[in-house]
2 protein chains.
Amino acid sequence: MDIRDVAKRARVSTATVSRTVNRVATVDAQLAKRVWKAIDELGYYPNRQARALVSGRSRVFGLIVSEITNPFFPEIVQTFETLAVEHNYEILLTSTIHDPKRMELAVRRMIEGRVDGVAILTFGMEDELLEHLRFRNLPLVFIDVGPKAPRVSNIRVDYAHGIRQAVQHLAAMRHERIGFVTGPLKLRSAVARRDAFEESMREIGLTVKPEFIVQGDHRLEGGKLAFQKLHQLREQPTALLCSNDMTAIGVMRQAFELSIAVPQQLSVVGFDDTRLADFMIPPLTTIQMSQTELARLAFDALYKEVKRETPSPVGTEYHLKTQLVLRRSTTFPPNTTPAKSRTIAKGTKQNDTSTAD
Amino acid sequence: MDIRDVAKRARVSTATVSRTVNRVATVDAQLAKRVWKAIDELGYYPNRQARALVSGRSRVFGLIVSEITNPFFPEIVQTFETLAVEHNYEILLTSTIHDPKRMELAVRRMIEGRVDGVAILTFGMEDELLEHLRFRNLPLVFIDVGPKAPRVSNIRVDYAHGIRQAVQHLAAMRHERIGFVTGPLKLRSAVARRDAFEESMREIGLTVKPEFIVQGDHRLEGGKLAFQKLHQLREQPTALLCSNDMTAIGVMRQAFELSIAVPQQLSVVGFDDTRLADFMIPPLTTIQMSQTELARLAFDALYKEVKRETPSPVGTEYHLKTQLVLRRSTTFPPNTTPAKSRTIAKGTKQNDTSTAD
DNA sequence: AATGACATGGTAAACGTTTACTGCCATTGG
DNA sequence: CCAATGGCAGTAAACGTTTACCATGTCATT
C-alpha cells in the first residue's frame with residue numbers, strides 16, 4: 001500500500017500523487033480528485049520515514065524535560081504537543097531524570113532521529129551535551145541558560161517581578177520575618193529566584209536572616225526537610241517563600257505534621273503556579289510562570305527558525321513574565337490585628353476558585 | 001556524514017559498517033575496531049529514518065493517553081519511556097484530550113509514523129478508530145476494554161479487590177452511610193468501579209442509598225460539585241469513596257470550603273494512588289492501581305508481540321491488582337467513640353509517609 | 001501556419017540504510 | 001593434492017517518497 005498503488009489506481013504518476021498529497025498548486029483539479037478518491041479507497045497513508053529521508057526534514061521536534069512526573073511539565077508537554085500536531089509536527093519526548101547518562105542518551109536520540117529542532121526545558125543541561133547538539137547547528141531553544149549562538153533562541157524568565165510582588169504582598173500584611181526555601185543551587189533558575197528574593201527584601205527595607213534561607217531540592221521531600229529545620233529555630237519566620245510549588249507543598253505538608261496551621265500560623269507562597277497549587281488545602285498562593293505560555297514560546301521559536309530561509313545569526317530572545325497569584329495560603333502574621341481587609345499588591349491576580357470565603 | 005563516509009574511512013564496505021553497528025557476530029574483531037574508530041572520529045550517528053525504511057521496523061511504539069495533564073499519566077509516560085529507551089525504542093506520544101478529532105488524528109499519526117505497536121491507555125477509545133488501528137494488524141495493547149483479536153493484548157484491572165478492601169476498612173470503623181462519587185459513566189472503568197462498590201456494600205450487608213451515589217467526571221470540578229450536592233442532603237454520608245484521586249481531591253477541596261473537616265467529619269477515599277494522594281493535607285487514603293506496573297505491562301505486551309516470529313492468534317491477557325493504601329483521610333465517623341485503634345483490613349498497605357502521628 | 005510561452009504531468013535520481021546474494025580465501029576431509 | 005565446506009566481506013537491490021528535469025499539449029501571437 002504505497003504511493004505507487006495509488007498512482008496506478010488513479011492512473012497518474014507517483015509524482016502527481018505526491019504533488020496532490022502535498023497540495024502543490026500545479027495539479028489539475030480533475031486529476032487531484034481522482035487521486036484523493038484512490039487514496040481514500042485504498043486507505044493510503046504516506047510513510048513519514050520515506051518522506052523525511054528524501055526531503056531532509058523529519059518534521060519532528062525534540063523536547064527535553066527533566067522529569068515528566070514533575071507537575072511543572074505535563075502542562076508544557078500537552079501544549080507543545082497540541083501546537084506540534086497543528087503544524088503537522090511530531091514530538092520526540094525525552095526526560096533526563098537528572099541523570100547524566102540519560103542526558104547523553106537524549107542527545108543521541110535527537111540526532112539519530114534527525115529532529116528539526118529541539119527545545120531544552122531542563123533548567124540545567126550539561127554544557128558538554130549542549131555542545132554536541134549545537135555542533136549540528138540545529139535550531140535550539142533554551143530556557144534561561146542558553147548561549148548566544150546562531151539558531152539558538154532563549155526564553156528569559158523575569159523571576160524578579162513575581163517575587164517582588166510576593167514580598168510586597170507579605171510586607172503589606174506586616175510580615176517581617178520572611179524566609180525562603182531555595183531549589184537545588186546548581187540550577188541557575190534556583191539561584192536567580194533566591195537572589196530576586198533577597199533583592200526584593202532589601203528594596204523594601206526588610207533584612208533577611210541567613211538562617212531563614214534554607215536549601216530545598218524542588219521536590220516534596222526538600223520542602224518537608226526545610227520546614228523541619230526552620231521549625232527548630234528559636235525565632236521562626238511567619239512567612240515562607242518557596243522556590244517552587246512542590247517545595248511549598250512540602251512545607252505545608254510538614255507544617256501539617258507539626259500541627260501548624262497554614263495560613264493562620266504560617267503564610268506560604270509557592271512558585272510556578274502548577275495546577276497543584278489550586279488543588280491544595282488551603283489553595284496555595286503562588287507566583288505564576290505560565291507553563292502554556294512557555295511551551296508556546298518554545299514551539300514558536302523552533303518553528304520560526306525552521307521556516308527561515310537563512311539561519312538567524314544569533315537566536316531570538318523571548319521573555320516570560322511572572323506574576324503573583326493570590327489564593328488562601330497567606331494571611332496576616334499571628335498575633336496581629338488585621339488592620340484592614342486583605343491587602344492586594346497592584347498588578348496581582350486574584351485567582352481563587354473557591355466558592356465560599 | 002553517512003555510512004559511506006564511515007566505510008571509506010575504515011576502508012571497508014558499507015555492509016561491514018552496518019553489520020558492526022548492529023553488532024552482527026560475523027564481523028572480524030580487527031575490522032570492527034577500525035569501524036568503531038572511524039565512527040567515533042567522524043561523529044557518525046545512524047539515520048533512524050533510513051533504517052526504518054529499509055528494515056520495515058521503525059522501533060517506535062505509539063502511546064495514546066487521554067490527557068498528560070491528568071496526574072495519572074505522567075508516571076506512566078515516564079516508565080514507558082524509560083523502558084523504551086532501554087530497548088532502543090522511541091515513543092510517539094499522543095493525547096486525545098477526549099476530543100474525537102484528536103483521536104482520529106492520533107490514529108493517523110500512528111499509521112503515518114509506521115509505529116511497531118501501540119498502547120492505548122485512554123480508558124475509552126472510540127471503537128471505530130480502534131478498527132482503523134486493528135486493520136493494520138499491529139500489536140496493540142488495551143487496558144480493560146480491548147477486543148479479543150490477533151496481536152491485541154489486554155490488561156485487565158481487578159478493580160473489585162481494592163474497592164472491597166476500602167469498603168471493609170470503612171465498615172470496620174462503623175461507617176454505615178457510605179457514598180460513592182463516580183467517574184464519567186461512558187467509561188467502562190468508571191462503571192466497573194461503581195459496580196464493584198455496590199457489590200462490596202451488598203456483600204458486607206450495607207445498603208447503598210441511591211442518593212449517595214453521585215456522578216463526577218474524574219476531574220477536580222466534578223468532585224467539588226458532587227460534594228456540594230451531597231452536602232445538601234438531609235442525611236449525609238459519613239464516608240465517601242471516589243472513582244479517582246482527582247475526584248477525591250475535589251471532594252476534600254469542597255469540604256474545606258464548607259468548613260467540614262476531613263477526616264473528622266468526613267472520611268474520604270480516592271482511587272489510583274497518584275502521587276497527588278500523598279501531597280494532600282491530610283494525605284489521602286486511596287486505592288492503588290500501580291501506574292508503573294501498568295506501564296510496564298503495556299510495554300512488555302508490545303515488546304513481546306514484536307519479538308514473536310508468528311503473531312499471537314489471540315493476544316495475551318495481563319492482570320493488574322488494586323490495593324487499599326491507608327493514609328490519613330479516613331477515620332471513625334463523627335459521634336463515635338473509637339473502640340480500639342485504627343482498624344486495618346488484612347492485606348492492606350500502610351503507606352503513610354508522615355513523620356509524626 | 002509557424003513559433004514561442006506556459007501549464008501541467010511524467011521520468012528517474014536521490015535520500016541512507018539493510019540484507020540477500022555472491023565471491024574469495026582458508027581450512028579440512030578423503 | 002583436490003574438492004568441499006565454511007567463514008567473512010563486498011556488491012547491489014530495495015525500502016517509499018520528493019523533486020529536478022524533461023516532454024507534451026494548448027494557446028496566443030505573428
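What you are looking at is a predicted structure, and each value in this text was computed from that prediction instead of being measured. Just so we're on the same page: letters track the sequence lines, and every chain starts at 1.
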Exercise. Listed in order of residue number, which residues of residues 47-58 of chain B have a non-hydrogen atom at under 4.0 Å from DNA chain D?
Worked result: B:L53, B:V54
Problem set entry | Under-4.0 Å side-chain N/O to phosphate OP1/OP2 contact, A:T16 with C:dG10 | yes
Exercise. Are B:R19 and B:T26 linked by a side-chain donor-acceptor pair shorter than 3.5 Å?
Worked result: no
Exercise. Between the side chains of A:T274 and A:Q291, is a donor N or O closer than 3.5 angstrom to an acceptor N or O?
Worked result: no
Problem set entry | Sugar-phosphate, base or nothing in reach of A:S18, heavy atoms under 4.0 Å | base
Exercise. Does anything in residues 36-46 of chain A reach DNA chain D, meaning a heavy atom under 4.0 Å, and if so which residues?
Worked result: A:Y44, A:Y45, A:P46
For this session: Would you kindly give the CZ-to-C1' distance between B:R59 and C:dT17, to the nearest whole Å?
Result: 15 Å
Exercise. Any salt bridge between A:D99 and A:K101, counting N to O under 4.0 Å?
Worked result: no
Exercise. Between C:dT19 atom P and B:R19 atom CZ, what is the distance in whole Å?
Worked result: 10 Å
Problem set entry | Check: A:F299 ring centroid to A:H87 ring centroid under 6.0 Å | yes
Seminar exercise, completed: To the nearest angstrom, the NZ-P distance between B:K33 and D:dA9 comes to 15 Å
Problem set entry | Spacing between B:D28 atom CG and D:dC8 atom P, to the nearest angstrom | 7 Å
Exercise. Under the 3.5 angstrom rule, does the side chain of A:R102 hit a backbone N or O of A:S95 as a donor-acceptor pair?
Worked result: yes
Problem set entry | Sorted by number, the residues of residues 2-15 of chain A with heavy-atom contact under 4.0 Å to DNA chain D | A:D2, A:I3, A:R4, A:A15
For this session: Using whole Å, report how far CG of B:L31 lies from P of D:dG7.
Result: 17 Å
Exercise. CZ of B:R114 versus C1' of C:dT17: gap in Å, rounded?
Worked result: 17 Å
For this session: Say whether, by atom type as modelled, one donor and one acceptor occur between the side chain of B:T20 and the main chain of B:A32 under 3.5 angstrom.
Result: no
Problem set entry | A:R9 (side chain) donor-acceptor with A:A38 (main chain) under 3.5 angstrom | no
Exercise. Is A:K37 salt-bridged to A:E41, cutoff N-O under 4.0 Å?
Worked result: yes
Exercise. Angle class for the B:F61/B:Y89 ring planes (parallel below 30°, perpendicular above 60°, tilted otherwise)?
Worked result: parallel
For this session: Output yes when A:E112 and B:R59 qualify as a salt bridge under the 4.0 Å nitrogen-oxygen rule, no when they do not.
Result: no
Problem set entry | Donor-acceptor under 3.5 Å (A:D40 side chain, A:W36 main chain) | no
